[in-house]
Structure formats: structure tokens, C-alpha cells
Protein chains: 2
Amino acid sequence: MATFEGMEQVKSAISRYVDLTEAQWEQVLPLWKERSFDKKEVITASGDVERWFSIVKEGVQRIYFEFDGQEACIGFAYGGSWSGIFDSFVTQAPSRFVLQAVTPSVLLSIEHTDLQRLYGSVPQLERFGRLMLEEVFVGRAVREIEQLTMPAQERYDRLMDRSPHLLQLVPQKDIASYLGMSAETFSRLRAQK
Amino acid sequence: MATFEGMEQVKSAISRYVDLTEAQWEQVLPLWKERSFDKKEVITASGDVERWFSIVKEGVQRIYFEFDGQEACIGFAYGGSWSGIFDSFVTQAPSRFVLQAVTPSVLLSIEHTDLQRLYGSVPQLERFGRLMLEEVFVGRAVREIEQLTMPAQERYDRLMDRSPHLLQLVPQKDIASYLGMSAETFSRLRAQK
DNA sequence: AAACGCACTTGACCTGCATCAAGAACGCTC
DNA sequence: GAGCGTTCTTGATGCAGGTCAAGTGCGTTT
């Protein structure tokens, strides 16, 4: 079970979407667990079915895809945001992606089966489930649109606006990969500022 | 309500995922409606919330995104496959995409509210809902991975393997856009075969 | 503190694909 | 079936960004 601060963080994250009664919180909160990972530890491997939906308590994680020796970074998760392989979590099909801790990380997680059961006993949670899924969908769609319609330069600018701290937290090569450009191009873009 | 053939098609599409009793079919089938669209008619506009989940009875549709005068094609739907703006349908948030009939189209559709209600009264349908969502997710992820990791040539080959008939059905410029290349490049790739 | 590895920078080169442009071949409409 | 718009082809040109290579700095290990 999560620590006291952990439970508080889960409560405040969910509270942004729905109000629950004290009795309901007592059903919801005990199901969340605290999970810790070392730097570079793989949290969910390719081929695994994602069992957990998580809120990031500490650290940064990345989602990437492997193909003939290369890696393509698909997304990041950090303080306060959701973490996990959402498509695999939702569909309970094996993931083709890897979730890895970039920095030492602590996640507050709930199991798929527990969440499903909660949907039955605490109907308001459905709204939470829908809205967090919406955020994930929108995030993916925004990235897809940006990749399709913007040059490297502009994609860089936008990411720096949205997540200026990211640069301090993760290797530049991962950000470059996320933006769909080589590490060299990324470096050059930074230089001319 | 749908025609007799329409209901048969809905039944066989759902039957691939779950078995229902006759009594259950009688709850499910009457909620599906037949909707017809002219060539080039917009089915779901940008900004709309997607109300419908559909099975394609006839015709081809495309999903695209508009930005400063350009269009980026995100996907196609045709005979037997699902159609709709799935992320907007699932999240009930306004769509940033457009769904348009490329050829005259007939869709067999169920409303979001009706489907939600059915999940309550026919629990087996949840499985259907999950599996069709899985297909959509997987389709999106496959395309994302292909865009990221393959040169234009190979993306072209793969699409032609997967959907050889597509070329007869929709303008080449839309396929080119879907593959993330210019119409000219697409034309040249075809020529050298 | 020496030594190794890894991330980052910078330069030179090269190429895949976009863009521009101009013609050919289809549909539609009247 | 004449005319017009739209789609498709083909050629010429240009450039964004990938690749290769060599060097620099830093954090870790021993």
C-alpha cells in the first residue's frame, strides 16, 4: 500500500476530475501501491501486458519502440502526469513499446483488475477514467499532428515551451528521437539560440 | 432502423467477437441505424463530438486533419471495417479530425449513448467494445511505428500488401498524404514497378 | 587522480524527398 | 461531345536533415 503522502497525491490527482465521499475514498485509496525503480530500469517490457495505471510521484520515464537496433522515443512521463503503456492497459493486449525509468522513479499505481472492479462500485470513477484516457488520446493526437505538419525547428520550439524542464531531466538524444530527428540536428538547433 | 441485410451484417460483425443469445440480439440489433452519404460529403466535421460508432456497409471514407490550407490524411475505412472518429467517440471530446465519404457510403451506426446503455444490459458486449478499441489502437500504433522507422518506399510496399484494392478506390493524393509523402513522390514510386 | 565510457558538439558531405512547373489524361457538367 | 476542372505524370532544382567522423567534456569506476 502507498505511504501517507502517496495516498494524498493520488487523492488530489483524482480530485481534479471527480468528488468522492469519504466512504468512497476509503474504497479507492487502499488499492494504490507505491512502486520504485532504479535509473534505467525497465518498468514494462515489450511483449508484456500492462497491468498498471500510474501517477508519477518522482522521476521521469520514457516510452520507446525498438526496431533493428534503433530506438524511437514515443513519449515521456514526469511529476504529476500519468505513466504507463496506455494502449496495452486499455486493451490488455501485449505492448509493442517499452516503459523505462530515465531517472530513479516512484510510481503510484493501481492494477487493471482493481480499477475495473472500482468502476463497478464507485461509478463516479468512470468519469475519471474517461478524462484521463482523453488526455492520453489528445496527447498522442497532438504529437501526431505536429510530426506531420511542422518542421524540426518548430517542433523543438513547441516542446521547449510546453516542457522546458525536460532538457535538464533526460538525455538530449531521447528528446531528439521523440521529436523525430537525429541527435546532431537537435544539437545544432539548440546551438543557434 | 437498419434494413434486414444491414442487421445481418451487424450481427456477423459482432459475432466475430462474442456470442449472444437471441434475446440479447433483440436488444442489440434494433439500435443500429443505416446512414447514407454522398461522395465527398462530410460525415463528422472538425469540432464535432463523434456520436456514432459505425460499421462500413458500402463505400470508402477517410479521416484527415486540416492545417493552413493543407490536409493530412490519417486513415481510411472501407468494407467491413469500423468507421468513425474513435478518439472523439471514446472520450466524447470535440474532434480535431474530419471524417469524409470518399465514395458514396452507407454506414451501419450505433449512438454513443445507446452503446453505453447496452454495456449495462448486455455485459458480453464489453468484450466486443474492448476488442474493437484494441484494433483501432493497434492500427494507429502500427502506422506510427511505420512512419517513424521506414522509408517512403517500404511504407508504400506495405500498404499495397495490406490493402491492394485501396488504389482503385481513393485518389492517389490521399494515399500519398496518408503515407506522409507528396503526391509526386507517390507517383514516382508507382512508376518504377 | 587516472582511465574509461558515454553524451554532446561541430564540421563536411550526401541524398531523399519536397517544391515548382508544365503537360497529359481523366472524369463531370451542361 | 465540347469544355473545364481535377488528378496524375514527368522533369528540373533545391534544401532540410541524415550520416560519418573526429574531437571535447563529464561523470563513474577503481
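Chain letters run A, B, ... following the sequence lines, proteins first and then strands; every chain starts at 1.
- Contacts with DNA chain C (heavy atom under 4.0 Å) in residues 168-176 of chain A: Pro171(A), Gln172(A), Lys173(A), listed by number.
- Rounded to an integer number of Å, the gap from NZ of Lys39(B) to P of dG27(C) is 9 Å.
- The closest side-chain donor-acceptor pair between Tyr17(A) and Glu135(A) falls under 3.5 angstrom.
- Looking at Glu50(B), its side chain does come within 3.5 Å of a backbone N or O of Ile85(B) through a donor-acceptor pair.
- Arg188(A) comes within contact range of at least one nucleobase, with a heavy-atom separation under 4.0 Å.
- Protein atom CE of Met181(B) is 7 Å distant from nucleotide atom P of dA18(C), rounded to whole Å.
- A donor and an acceptor atom sit less than 3.5 Å apart, one in the side chain of Glu184(B) and one in the base of dC20(C).
- Ring-centre distance between Tyr156(B) and Phe186(B): below the 6.0 Å cut-off.
- A straight line from CG of Leu179(B) to P of dC17(C) spans 12 Å, rounded to a whole angstrom.
- As rounded to whole Å, 9 Å separates atom P of dC8(D) from atom CZ of Phe186(B).
- The shortest distance between the side-chain N/O atoms of Arg190(B) and the OP1/OP2 oxygens of dT9(D) is below 4.0 Å.
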Reading DNA chain C 5' to 3', how would its secondary structure be written in dot-bracket notation, given Watson-Crick and G-U pairs with both distances under 3.5 Å, brackets [ ] for crossing pairs and | for partners on other strands?
-> ||||||||||||||||||||||.||||.||

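- Formation of a donor-acceptor pair under 3.5 Å by the Thr91(A) side chain with backbone atoms of Asp87(A) is found in this model.
- Contact between the side-chain N/O atoms of Thr185(B) and the OP1/OP2 oxygens of dA18(C) is found at a separation under 4.0 Å.
- Along DNA chain D, the nucleotide closest to Lys40(B) and the one closest to Ala191(B) are compared, and the more 5′ of them pairs with Lys40(B).
- Contact annotation: Ser182(B) reaches the phosphate of dA18(C) (side-chain N/O to OP1 or OP2, under 4.0 Å).
- At distances below 3.5 Å, at least one donor-acceptor pair connects side-chain atoms of Ser15(A) with backbone N or O atoms of Lys11(A).
- For the atom pair Glu126(A) CD and Tyr119(A) OH, the distance stands at 6.5 Å (nearest 0.5 Å).
- With rounding to whole Å, Leu189(B) atom CG is found 11 Å from dT9(D) atom P.
- Crowding of Arg35(B) atom CZ: a count of heavy atoms from other residues, nucleotides or ligands under 6.0 Å exceeding 12.
- No donor-acceptor pair closer than 3.5 Å links the side chain of Glu146(A) to the backbone N or O of Arg143(A).
- Of the residues Phe86(B), Trp52(B), Phe89(B), the one that meets the ring pair (Phe, Tyr, Trp, His ring centres under 6.0 Å) test with His112(B) is Phe89(B).
- In this structure, Ala183(A) reaches neither bases nor backbone, as no heavy-atom distance under 4.0 Å exists between it and the strands shown.
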